[in-house]
Amino acid sequence: MKKLYLVGLAAALAFSVDSPARADGDQFIPILSYRTGPYAPNGIPYANGFVDYLELVNRRDGGVNGIKLAFEECETGYATDRGVECYERLKGKGPTGASFFNPLSTGITFALTEKAPADKIPLITFGYGRSESRDGSVFRWSFPLLGTYWTAADVIVQYIASQVGGVEALRGKKIVHLYLDSPYGKEPLPVLEAKAAKYGFSLTPMPVTAPGLEQKSQWLQIRQSKPDFVILWGYGVMDPTAMQEAAAVNFPRDRIIGNWWAGAEPDVAPAGEQGIGYKAVMLQHGAGRGKVHADVEKYVVTAGVSRSKPEEIGQVLYNRGLLNAMLGVEAIRTAQAKFGKRPLTGEEVRWGIENLKLDESRIAALGIEGMIRPFQISCADHQGAGLSRVQQWDGKTWKVVSDWIQADESLLAPMVKAAAQKYGADKSIPAFDCTKAQ
Amino acid sequence: MIYSDEGQLKTTYAADMVIFPLAQDRTLFAILMLLAFVGIPALALAGIPPFHADYIFKAILTPFLILSLAALGLNILVGYCGQISLGAGAFMAVGAYAAFNFASRIPELPVLIAILLGGGVAAAVGVCFGVPSLRIKGLYLAVATLAAQFFFDWLFLRVRWFTQDSPSGSVSAPKLNVFGWHADSAVERYLLVLSIIVVLAALAKNLVRSDIGRQWMAVRDMDLAAEIIGIRPVRAKLTAFAVSSFIIGVAGALWAFVNLGSWEPSTFSIDRSLQILFMVIVGGLGSILGCFLGAAFVLLLPIMLDIVPGALGMPLSTDTVSNMTMFLFGALIVFFLVVEPHGLARLWVILKEKLKIWPFPY
């Protein structure tokens, strides 16, 4: 019985003491990460990049305009229910509550999209989440910054068209969409279907059951039907497995195009030689180091507070985590210009994200030249940019092999509008008039 | 002395048949109910930590209650009727998706009715998947129910009618309105879930004490003997499947509607089935109280273990804590199963027996 009392005592202790945020500071930033579980190889560099940048801002600049950043990680294991628990745990931390959340999983994003508006906390989904949430008149609190899956799908088809000799040449071509059977993998389907109908290529969706280790039957089908291209929408262990299976049926790797979550080092490195030639679109940035990485080395790594492995700094997912943190910090900076140099509430930070603007000079000052293009967020457009490039794996590094490709807004914009309006009608959310946005 | 039944004489049959024969149990239960329905919401209103924040309601109490209900449903099947099932997650999914379809296709329907109808559909499906139990037993039945798990995973992923052509396959629940009352705040949602659970738990408790409950237990203990004394195994087994699936289905609908708000089929994967089975085993097979103890153990202990190092000011990284939690949790399960294989509910019974003769044990 003593054990039970001890457990009870521990429970009382755990629930009565609010655990302090990790660093001293005032502006609280929650971090939902997954350093364990099936997707840990992808989650670790992302979390490290995110944390390193926040540490950098605190150590190099003394915070944002003197307001220190406090942050705390919470392990989601990529599971929706744990993500929701983390959200509830962290949303009220710090003097003004959470600044913004990065759900970092499509499932958690969907769940938090329902909860965040009630708590007045913005969601930044950097290159993932609901594609229609870029319509800020309905999704006031969601910001799929710099790219959604619909954008990625559109760019992939455009790139394939450029490879076969123009959109006219797409007619009659066979494309397979090989995807992880989850909201993440299904999200691009409406755009791919619309594109197939528009350009007259045949699209075969092929779901792979999570986590994606079993793909034999799908690749057998691919060998039989001999498609011209395979679009790979996998995550984690599914991607290197796809490389190996492709090699086994002798499908050329350079005709497999992944999305930007299937285009990082952990997606190809485990496949070794078999991954060479594989291509993937980029969420603007790729691998590589800039001035900001030198600062991370100087202020964070040498101080011994970084958990990143030396080779990890500058990898695709590390950079994405870093940029994600940077965009959030810049949003806080933007909001401070309006609301004053003090810790801000989620509602104030939301204004900051919606009015976020990075021009050439700011991008250079941040030390991320060449990683992202100038962009501006607005009430009507919570995405800010629909640009992407294509990179190719050469066995050691990712090399950029295409020019910038702009997503086809004439196709996407009406689809986003329709989907957002349907969501607004289902949830009886009155559409916000963006002309009145301050 | 504390739990002594001395002087508590029963003079009527009704008095002999009450749920809690001991006056002490009745008082304890009344205090517990008072605390759950009045005390905790009052603490929240008064703003006394930890009840001042949404966290305790949204992330602790509500999920705990809902998973307790699911464990209760499974316990009826596994603990009372002896039919091993690995399909709890599937029946939760059926309840959730059925409730979702009722609520969104018939918008006039109050959500509470939709949730109960979801349970009804789960019951019907449960009976279908219970039919094999008439011929196969034990581990073989477990495999058959596992088939239900994979079948419904597949069905809700692939058949778009169930998700109403949602492009991503993820669906979101309608607003919770119960006969005009909007359960929006964390405390209101907690009270809604609590009320449903108290009603269903009372129902379950009375069922297992009734004629049908005794039939279930007879079938569990020895189905051949039960048949010989005149119990129809068809009726006993299928009613157990129906009642169990109904409760699990309601729990699934609540999990989707109240706890998550938006979900995808992987929410109700095989992991969920196993989690609920663990709750039943750790809590105690064939005990209503055990369902709640088991759910608390399986759901809350990992969260607590996760929070404790931070609360004590130990700067451990999240992955270390997460791995340590898994390790400790596994060790504790083994510990409890070695020390008390009949589950946490049995510990409570032992405690009561000790308290009965305390402080003069003989």
Side-chain angles (χ1 to χ4, degrees), chain A residues 1 3-4 7 10-11 13-20 22 31 33-37 40 44 47 72-75 77 79-81 84-89 91-92 106-107 110-115 118-119 130-131 181-187 189-190 207 209-210 307 419 423 426-428, chain B residues 49-50 53-56 58-60 63 104 153-154 157-158 166-175 184 186 255 259-267 269 271 297 300-301 303-313 315 317-319 321-323 326 332 335-336 339 344 347 350-351 354:
Chain A
M1 268 340 285
K3 292 273 175 212
L4 271 187
V7 170
L13 190 77
F15 295 132
S16 56
V17 186
D18 280 335
S19 64
R22 239 194 67 193
I31 305 170
S33 58
Y34 41 97
R35 291 173 182 274
T36 62
I44 291 170
E72 184 176 331
E73 269 189 69
C74 185
E75 174 71 30
T80 304
D81 53 343
V84 168
E85 194 265 324
C86 281
Y87 168 81
E88 297 293 344
R89 194 194 298 180
K91 73 179 185 191
T106 307
F110 277 74
L112 295 192
T113 304
E114 311 295 316
K115 292 174 187 286
D119 296 318
R130 270 179 184 275
S131 295
D181 205 353
S182 70
Y184 158 73
K186 284 180 181 174
E187 186 74 23
L189 268 173
T209 309
R307 297 187 60 203
Y423 180 87
D426 284 353
K427 297 275 156 189
S428 44
Chain B
D54 282 358
Y55 177 70
I56 192 99
K58 282 191 174 168
I60 304 285
S104 55
D153 266 1
W154 173 86
L157 266 174
R158 299 291 158 80
S166 148
S168 61
S170 173
V171 295
S172 58
K175 281 211 159 80
D184 289 330
W255 186 256
N259 188 41
L260 294 180
S262 169
W263 71 97
E264 67 221 38
S266 69
T267 308
S269 65
D271 294 343
F297 187 88
L300 303 187
L301 194 69
I303 296 178
M304 239 165 50
L305 290 174
D306 203 27
I307 293 177
V308 164
L312 295 178
S317 65
T318 50
D319 45 341
V321 172
S322 184
N323 289 328
M326 267 186 258
L332 276 171
F335 172 79
F336 272 111
V339 173
L344 299 172
L347 284 177
I350 293 172
L351 179 72
K354 289 210 158 108

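The model shown is predicted, which means the values in this text are computed figures rather than measured ones. Chain naming here is simple, since letters A, B, ... match the order of the sequence lines and numbering starts at 1 in each.
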Checklist line | Trp263(B) versus chain A, the contacting section by heavy-atom distance below 4.5 Å | finding: neither
Notebook entry, point to check: Among Arg130(A), Glu88(A), Arg35(A), Glu187(A), who wins on heavy-atom pairs under 4.5 Å with chain B?
Noted result: Glu88(A)
Checklist line | Largest heavy-atom contact set with chain A, pairs under 4.5 Å, which of Ser322(B), Ala186(B), Pro63(B) | finding: Ser322(B)
Check: So which heavy atom on Leu260(B) is nearest to which on Asp81(A), and how close?
Finding: CD2-CA, 4.2 Å
Check: For Asp119(A), is it the side chain, the backbone, both or neither that has a heavy atom under 4.5 Å from a heavy atom of chain B?
Finding: side chain
Next item on the list: With side chain to side chain contact (heavy atoms under 4.5 Å, CB included) as the test, would you mind laying out the steps for Arg158(B) and Asp181(A) before giving the verdict?
Entry: CA-CA 9 Å; Arg158(B) 299 291 158 80; Asp181(A) 205 353; 2.4 Å; yes
Note to self: Heavy-atom pairs under 4.5 Å with chain A: which of Ile350(B), Thr267(B), Asp306(B), Val339(B) has the most?
What the structure shows: Asp306(B)
Next item on the list: Quick one: which of Ser266(B), Ser269(B), Ser317(B) has the most heavy-atom pairs under 4.5 Å with chain A, could you say?
Entry: Ser317(B)
Notebook entry, point to check: With respect to chain A, which residue among Ser262(B), Ala53(B), Gly169(B), Pro265(B) yields the maximal number of heavy-atom pairs within a distance under 4.5 Å?
Noted result: Ser262(B)
Next item on the list: State whether Lys115(A) and Asp54(B) are salt-bridged, where the test is any N-O pair (Lys NZ or Arg NE/NH1/NH2 against Asp/Glu carboxylate O) under 4.0 Å.
Entry: no
Notebook entry, point to check: With only heavy atoms counted, which part of Ala173(B) is less than 4.5 Å from chain A, the side chain, the backbone, both or neither?
Noted result: backbone
Margin query: So if I apply the side-chain contact (heavy atoms from CB on, under 4.5 Å) rule between Lys58(B) and each of Glu85(A), Arg89(A), Lys91(A), which one comes out positive?
Written below: Lys91(A)
Item checked: Side chain, backbone, both or neither of Glu114(A) within contact of chain B (heavy atoms, under 4.5 Å) -> side chain
Checklist line | Approximate separation, where rounding is to 0.5 Å, of Thr36(A) OG1 and Met326(B) CE | finding: 4.5 Å
Item checked: Closest non-hydrogen atom pair between Ser168(B) and Lys186(A), with its separation -> O-CD, 3.4 Å
Next item on the list: With sequence neighbours excluded, tell me which residues meet side-chain hydrogen bond (donor to acceptor under 3.5 Å, both in side chains) with Lys354(B).
Entry: none
Next item on the list: Could you please spell out the steps behind the side chain to side chain donor-acceptor pair (under 3.5 Å) verdict for Ser172(B) and Lys427(A)?
Entry: CA-CA 9 Å; Ser172(B) 58; Lys427(A) 297 275 156 189; 3.1 Å; yes
Checklist line | Any residue meeting salt bridge (charged side-chain N to carboxylate O under 4.0 Å, His left out) with Asp153(B), in chain and number order, not counting sequence neighbours | finding: none
